[in-house]
Structures are given as structure tokens and as C-alpha cells.
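Only this structure's heavy atoms are used, side chains among them; waters, hydrogens and symmetry mates stay out. Bear in mind that the values here come from a model prediction, so they are computed numbers and not experimental data.
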Amino acid sequence: MVEEKTLKKTSFPVRGMHCASCVSRVEKSLNELEGVDEASVNFATEKAFVSFNPRVITPELIGKAVKDAGYELIIPKKITSEKTEVEFKIIGMDSPHCAGVVSKALDDLSGVDKHEVSFANGKAIVEYRSGEVSVNDIRKVIEEHGYQVSVVSEEEAAVDQERAMRAAEIRKLVQKLIVGTILSIPLLLGSLTKLFPWVPAWLQNHYVLLALATPVQFWVGAQFYRGAWASAKHRTTDMNTLIAVGTLAAFLYSLVVTVTNLIPAAYGSEVYYDTASVIIVLILLGRFLEARARGRTSEAIRTLMGLQAKTARVIRGSEELDIPIEEVELGDIILVRPGEKIPVDGIIKEGGSTIDESMLTGESIPTVKKIGDEVIGATINKTGSFKFEANKIGRDTTLAQIIRLVEQAQGSKAPIQRLADVVASYFVPVVFAIATTTFILWYIFGPAPSFVFALLNFVAVLIIACPCALGLATPTAIMVGTGKGAESGVLIKGGASLETAHSLDTIIFDKTGTLTKGEPAVTDIITVNGVDDDLLLRLTASAERHRSEERRVGKECRSRWSPYH
């Protein structure tokens, strides 16, 4: 067993999975790799959570194993094993010429091996040798040319990368849906002449229907054939196999009827191009809705990331510098003023304050902090100013660990889901057996034309039995449950905890704040004898207005005498 500290735990987006049997195949290909301690694949989030030993295996080899299994594993730019990369947001690039200026500046910087500057996205991805140049050096060179620069954090980069891939997938699905719908409508009209007798004769021509159905079958539905072929190469089957075989059977039968006389007249001369095309379009519509729903899976992660401060006021030498938190270094002394978010974790070195830590602890009353006490990033400073030394930055901060915990919880598997995955691995072969049996029985005992009835029922069994819900229901429930919990400040360790929670009959809370709004409020006013209730309320309101005015004036004075004005 490899020591826990030597293992690297990373999530990789996986493309090309369409059912629970795909999950089983990807998991099997990963768990068989030397150097992989454990791998778990989540169909709902389309991610593989891999714990591996980087001394034995690289992310590139993990990606190759998944590709060999017929799928695509996306390696986040930040964890490539052979390169050190950083991504920058650049504000101020107004034209492609500006991108060229930034590109030239990076070309001239020693230690930068490769870079990609995008004017459209306002970003630059830079590959560099950390021994020769630092992130700050790269940032300063870009800023010297008149642009504002900030470093994109690892979590932001992963979310942005996933969002871009998801958007590209949805755009492609929309294009195919539009084309498929436009071609399928006249196909339906031309095929169902009993329902639409007014359809012109030329639209009922089999060759016209063939011309309309061919692009739907082989361009709109191309992904089903690619998936089925990839499965066949590995001697397995999945949802793509069911769809490809079912629609292709209907299409090829219709093609034979159209161009040859091989089908006896007793079987009928009708074609079923509309059946194959409409099935493809409807399944693509389901894929589109599914992809759009999955695009919301990272909302909880983005909400947590939004809690983080964007900048830190660092004291270096005799200067106070406002810098992005990605550029904070261990040991930096950071100044925090009243009302500001604490940028990273650290220890107070000078001053003191009260800090609202409700986002972490649920405690509604601010906590008093003094010299030597620990402060946590993303919590809010309430009253005083203080200086603290950064001792946890980047991925080591408490908030970053919470984000990783939520992500891992969303990708975890409940015990019942593991059972569903096992069932799904046998599901497709069983469906093929049932469909074949259906065809044989209808062909032998069905009404004339028995072949046509047998074929249509064979197609129906294959299409209707796709095991999407079997593989998607449980991981989607876990994903939504853990995400909603995180948004409300409740952290759930994983699917097993959620599954066990249904048997709870008693919940004990140790803080009143978790059972209320989390903030103290006045509920009743009880006056002493001789004091009028309305008079007391007017006096209280007047005092509150006076305090608000004092705070406003104090803020204006601080702003006027600030070294930044």
C-alpha cells in the first residue's frame, strides 16, 4: 500500500460517456493501471477522481489508458507532469495587435518556453521554467506594456476549462438538433401519407426521403456510431450500440426497399427513414437537456469560490501593495482593515479585532481575535485593523480544502450506486438478447408482413431500453444534494453519508445559530413602569441614525487620509 502522502488526488473531466456501462469501462481501465491507487468515475459530473502515485504514472499515461478504452480524458493545464504553466487574465487588450504586443514581450523574456495569447478570451497561457523566471516576473513584463494582469487560480482555471468544453459541446448539439429537426419534419410528412394526404407526391418519393434521411443518420447521429465502434473494438457494448444498431437496422431495411427488389411484396413496400431519423433527433434532444443540466453541476463550487477575497494588502519593506491573492507568498505580512475579507489563512502579529467566521463555523457572534490567534481566509473582519502573517496560501487554505471536499463529495459513490453500476455492465447484452428474441418471436408468430413487424419491434426494444436513468439518477441526486448543502453551509462527506441519513431519527445541534437565522434579532421589548413603548422606539431609532452618521463620517475621513488618495 502506497503511503497517503505520496499519492496525488486529482479530478479529470471525461468526454464520451453515455451510460452507466461506460462508467464501468473507464473505471476498469483506470484501476488496472500500475501506480493508480483508486479511481472512481461519476457519470453525472463526467469526471474521473483518481488517486495515483506521480512517481510511477503520469497524467498523460492515465489519459492514454482512457483513450484506449474509447473515451477522452481531459488533463487540466495546471497538472501537466512535464510543464509548469500559469494562466493570466489580461485587461486592456483592445485588438489582435495588443495580443501581438503581449506575445512579443513574452518572446523576449528568458525562461518562457511557450505561450498562447488570446485576444478573444483576454487570457494568456504561459509555459515557463520556474528556476529561471517567476510568475511575478511574467506579470510585471505584461504590465510594463500597459495592461492589467491577474493570475487565474487553479480552481478557476479548472472551472473555466470545464465551462468552455461544456459550452462547445452544447453548441455542437444545438447545431445538430436544428439540422436534424429541419430534415426530420418533411421526412415525417412524406412517410405518414395516411395522416397527411395533402403532402405533394414528390415528397413521398423514396429517393427524396433517402436524401433527407442520410445526413441525419450519418452526420447528426455520427457520435452514436463512433461510440458503438469504440465499444466494439474493446468487445463491449453500451448505449451507443443500442441506438446505432436499432436506427441502422431501420435505415438499411428502407434503403434495400428503395434501391432493390430484394424485399418480397408480402413484406410491404413501406420505408422507415422517419423512424430512424426521429429516434436520433429525440435522443439528441435528451443529450442536449442532459448536457445543459450537467452545466449547473459546478454552481456550488463557483459559489464557494466567490467567497474568497480577490486581493490582499501586503506589506513589503515600507510599502503597502494591493496584489491578487494568487501572488501572496508564505510569510507575507498582510494588513486587514474593518469590513474587509481576510484573503488567506495566517497568524495575527499585530493588532486585534472581532471576526465573523459564520461561513465556516455557523456561529453568529463574531469571534474576538488577538496576537497569536489564527485567522481564516474568506472570513470577514468586523471592527479593528490588524496585521497577520500568511501561513497557508493557494490550495492549502481552509476554503480551498472545503472546495475540494465538496468536489470529492459530488463525485463519490453511494453503495446503491455501485450496485447500479454492476447491473448496468450486464444490462446492454441482456437487452440485445431480449431484442433478438422479440424479433424471432414476431417473425414466427406475428401477422403479415411478419418481417416488418419483427424489425420494428426489434428496433423499439433496443431504443427504449437505453440505461441512461440507471446510471444517472443516483449520481445526480448526490451531486445536487451535496451542492445545495454547500450553498447553505452544510458540508456532506459523500454519497454513503447521504444514503445513511435516511435512517436518522434524532439530530442533535450544539449551536443555536444553526437552528435560527444565524444573526441575533430583537423579538420583544419590555419596558419598566412609566416608560412609553413608542417613546422608547423613537429614542432607539434616533440613536441608531446617530451611530450610522458617525460611521459614515469616519469612513469618509479614513478614505480622505488614505495613502491611496
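Under the 4.5 Å side-chain criterion, counting only non-hydrogen atoms from C-beta, Ile138 is in contact with Leu109. Using a 4.5 Å heavy-atom cutoff, the side chains of Lys47 and Phe49 are in contact. When side chains are defined from C-beta on, Ile57 counts as touching Val36, because their heavy atoms get closer than 4.5 Å. Taking the side chain as every heavy atom from C-beta outward, Phe52 and Asp37 never approach each other to under 4.5 Å. A heavy-atom distance below 4.5 Å is found between the side chains of Phe224 and Leu284. Side chains of Pro343 and Thr311 form no contact here, defined as non-hydrogen atoms less than 4.5 Å apart. Residues Val314 and Ile333 fail the side-chain proximity criterion, which asks for heavy atoms closer than 4.5 Å. In this structure the side chain of Thr383 never reaches within 4.5 angstrom of the side chain of Pro338, judged on heavy atoms.
At least one donor-acceptor pair closer than 3.5 Å links the side chain of Asp373 to the backbone N or O of Lys370. With hydrogens and angles disregarded, a donor-acceptor distance shorter than 3.5 Å links the side chain of Lys176 to the backbone of Trp219.
Not counting sequence neighbours, the partners of Glu340 by the side-chain hydrogen bond (donor to acceptor under 3.5 Å, both in side chains) test are Arg313. By the side-chain hydrogen bond (donor to acceptor under 3.5 Å, both in side chains) test, Asp113 pairs with Arg129, sequence neighbours left out. Residues forming a side-chain hydrogen bond (donor to acceptor under 3.5 Å, both in side chains) with Lys172 (at least two apart in sequence, or on another chain): none.
Of all non-hydrogen atoms in Ile371 and Gly351, the two that sit nearest each other are CG1-O, 3.6 Å. Taking both residues in full, the closest heavy atoms of Phe386 and Gly352 are given as CB-N, 3.7 Å, listed atom of the first, atom of the second, then distance. In terms of heavy atoms, Val328 sits closest to Ala390 at CG1-CB, 4.1 Å. What you find for Ser385 and Arg337 is that their closest heavy atoms are OG-CA, 3.8 Å. Between Leu285 and Leu177, the closest heavy-atom pair is N-CD2, 3.6 Å. In terms of heavy atoms, Lys369 sits closest to Ile348 at CB-CD1, 3.5 Å.
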Would you check, one step at a time, whether the test side-chain contact (heavy atoms from CB on, under 4.5 Å) holds for Glu34 with Val56? CA-CA 7 Å; Glu34 182 182 359; Val56 178; 4.0 Å; yes
Quick one: do Glu144 and Lys140 satisfy salt bridge (Lys or Arg N to Asp or Glu O under 4.0 Å)? Show the steps, please. CA-CA 6 Å; Glu144 286 172 359; Lys140 288 177 182 177; over 6 Å; no
Dump the intermediate steps for side-chain contact (heavy atoms from CB on, under 4.5 Å) on Phe388 and Ile347, then the final yes or no. CA-CA 5 Å; Phe388 74 95; Ile347 304 294; 5.8 Å; no
Given Lys387 and Ile315, is the side-chain contact (heavy atoms from CB on, under 4.5 Å) satisfied, shown in steps? CA-CA 9 Å; Lys387 296 176 183 178; Ile315 299 174; 3.5 Å; yes
Is there a salt bridge (Lys or Arg N to Asp or Glu O under 4.0 Å) between Lys382 and Glu357? Walk through the geometry before answering. CA-CA 10 Å; Lys382 300 295 284 186; Glu357 295 183 336; over 6 Å; no
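Atom NZ of Lys28 is separated from atom CG of Leu33 by 12.5 Å, given to the nearest 0.5 angstrom. Atom CD1 of residue Ile323 and atom CG of residue Asp332 lie 6.0 Å apart, to the nearest 0.5 angstrom. Put simply, CG on Leu30 and CD on Glu38 are 11.5 Å apart, with the number rounded to the nearest 0.5 Å. Atom NE2 of His115 sits about 9.5 Å away from atom CD1 of Ile142, to the nearest 0.5 Å. The distance from the OG1 atom of Thr58 to the CD atom of Glu60 is 4.5 Å, given to the nearest 0.5 Å. The distance from atom CD of Glu72 to atom NZ of Lys67, rounded to the nearest 0.5 Å, is 8.0 Å.
Counting only N and O atoms by type, the side chains of Asp345 and Thr397 include no donor and acceptor under 3.5 Å apart. Side-chain N/O atoms of Asn381 and Ser353 include a donor and acceptor closer than 3.5 Å.
With respect to Val281, the side chain to side chain contact (heavy atoms under 4.5 Å, CB included) criterion is satisfied by exactly one of Ile182, Leu183, Thr181: Thr181. Considering Val336, Ile380, Val368, Thr379 in turn, Thr379 is the only one that fulfils the side chain to side chain contact (heavy atoms under 4.5 Å, CB included) rule with Ile355. Each of Leu106, Asp107, Val101 was compared with Ser103 under the side chain to side chain contact (heavy atoms under 4.5 Å, CB included) criterion, and only Asp107 meets it.
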